[in-house]
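Down below is the structure, laid out as structure tokens.
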Amino acid sequence: MSKRLAKKVLVIGWDAADWKIINPLLDAGLMPALESLINKGAMGDIATLDPVLSPILWTSIATGKTGDKHGILNFVEPVPDKMELRPVTSTSRKCKAFWNILSQNDLKSNIIGWWPSNPAEPINGAMVSNFFQKITSDTTESWKMPPGTIYPERLAEIIAEYRVHPTELSPEHFFPFVPKAHLVDQQNDKNLGILAKNIAECASTHAAATWLMENEEWDLTAVYFDTID
């Protein structure tokens, strides 16, 4: 039987979030939820590592080790026995992440979108890899979820239903970001398409995280968002 923590721990990773941008928004009253969290706790700057590459940094956060120790060194890696490159995979990590340590101590984790986490690892809890939300097709019909995206497999079909495709968005989803989105000539300006992809991927990650928190037992949930970056 799993030990239950007295309090649950929620880790939210915002790639490229910067206090230089956040603080003016807080001062203007535009981020009340974050302001409430800060007022009940603490805030501060943390130093980064070099090179400033997301896969290296977020693996360092997960392991407490630098790239030379944890083994994730770039966005891509060589395919074994082939003269090709592929997106960096979780199997190249050489040491334990915090979710492995929690599993060994009979504590349950939900890990969503962490970079890199594909293929999803067998842990005490649930893992949704960083391939889950990625838009790889122009239509929902041909948008297939790669094998190994979700652990345990019993959750794959359920959580797959929470992916959001750009074609499912309505104009109202764009107006908070581009108030005059309806005036954009999308034949000559492709930026709305890029925004749609980002909104959809962010919504997919958020939906998977909230479903797991509501429906699975957990002691720690960690969810990573790359939308700002």
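Heavy-atom basis, side chains included; hydrogens, waters and symmetry copies ignored.
- Here the closest heavy-atom approach between residue Ala16 and residue Ile228 is recorded as O-CG2, 4.0 Å.
- Using a 30° and 60° split on the angle between ring planes, Trp58 and Tyr224 fall in the perpendicular class, above 60°.
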Might you work through the side-chain contact (heavy atoms from CB on, under 4.5 Å) test for His206 and Phe225, ending with a clear yes or no? CA-CA 8 Å; His206 180 72; Phe225 296 94; 4.1 Å; yes
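- The main-chain N or O of Leu107 is never found under 3.5 Å from a side-chain atom of Asn105 such that the two would form a donor-acceptor pair.
- The CG atom of Asp226 lies 7.5 Å from the CG atom of Asn198; values are rounded to the nearest 0.5 Å.
- In this structure, Glu35 CD and Asp27 CG are separated by 8.0 Å, a value rounded to the nearest 0.5 Å.
- In this structure, Val88 is a member of the same hydrophobic cluster as Ile61, with clusters built from ILVMFWY side-chain heavy atoms closer than 4.5 Å.
- For the pair Thr149 and Asn118, the tightest heavy-atom approach, listed with the atom from each and the gap, is CA-OD1, 3.8 Å.
- Interatomic distance, CG of Leu57 versus OG1 of Thr48, reported as 4.0 Å (0.5 Å rounding).
- Checking Ser103 against Asn124 by side-chain atom types alone, no donor-acceptor pair falls below 3.5 Å.
- With rounding to the nearest 0.5 angstrom, the OG1 atom of Thr66 is 13.0 Å from the CD1 atom of Ile72.
- Between the side chain of Asn100 and the backbone N or O of Ala97, at least one donor-acceptor pair lies under 3.5 Å.
- Between His173 and Pro176 the shortest heavy-atom distance is O-CD, 3.6 Å.
- Remark: of the listed residues Arg93, Lys82, Arg86, Arg86 is the sole one forming a salt bridge (Lys or Arg N to Asp or Glu O under 4.0 Å) with Glu77.
- Between His182 and Phe175, the angle of the ring planes goes over 60°, which puts this pair in the perpendicular group of the 30/60° scheme.
- Gly67 approaches Ile56 most closely through the heavy-atom pair CA-CG2, 4.3 Å.
- A heavy-atom distance below 4.5 Å is found between the side chains of Leu155 and Leu212.
- Thr227 has its side chain out of reach of Glu201: every pair of non-hydrogen atoms, C-beta onward, lies at least 4.5 Å apart.
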For Asn191 and Val184, what are the C-alpha separation, side-chain angles and deciding distance, and is it a side-chain contact (heavy atoms from CB on, under 4.5 Å)? CA-CA 9 Å; Asn191 285 312; Val184 174; over 6 Å; no
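- Between the side chain of His165 and the backbone N or O of Ser137 there is at least one donor-acceptor pair closer than 3.5 Å.
- Of all heavy-atom pairs spanning Phe131 and Pro87, the tightest one is CZ-CB, 4.0 Å.
- When each of Ser90, Pro116, Ser117 is checked for a side-chain contact (heavy atoms from CB on, under 4.5 Å) with Ser129, only Ser117 meets the rule.
- None of Lys108, Lys8, Arg154 except one satisfies the salt bridge (Lys or Arg N to Asp or Glu O under 4.0 Å) rule with Glu216; the exception is Arg154.
- Of the candidates Lys65, His70, Lys69, Ser60 forms a side chain to side chain donor-acceptor pair (under 3.5 Å) with just one, namely His70.
- The two residues Val164 and Trp143 have their closest heavy-atom pair at O-CH2, 3.5 Å.
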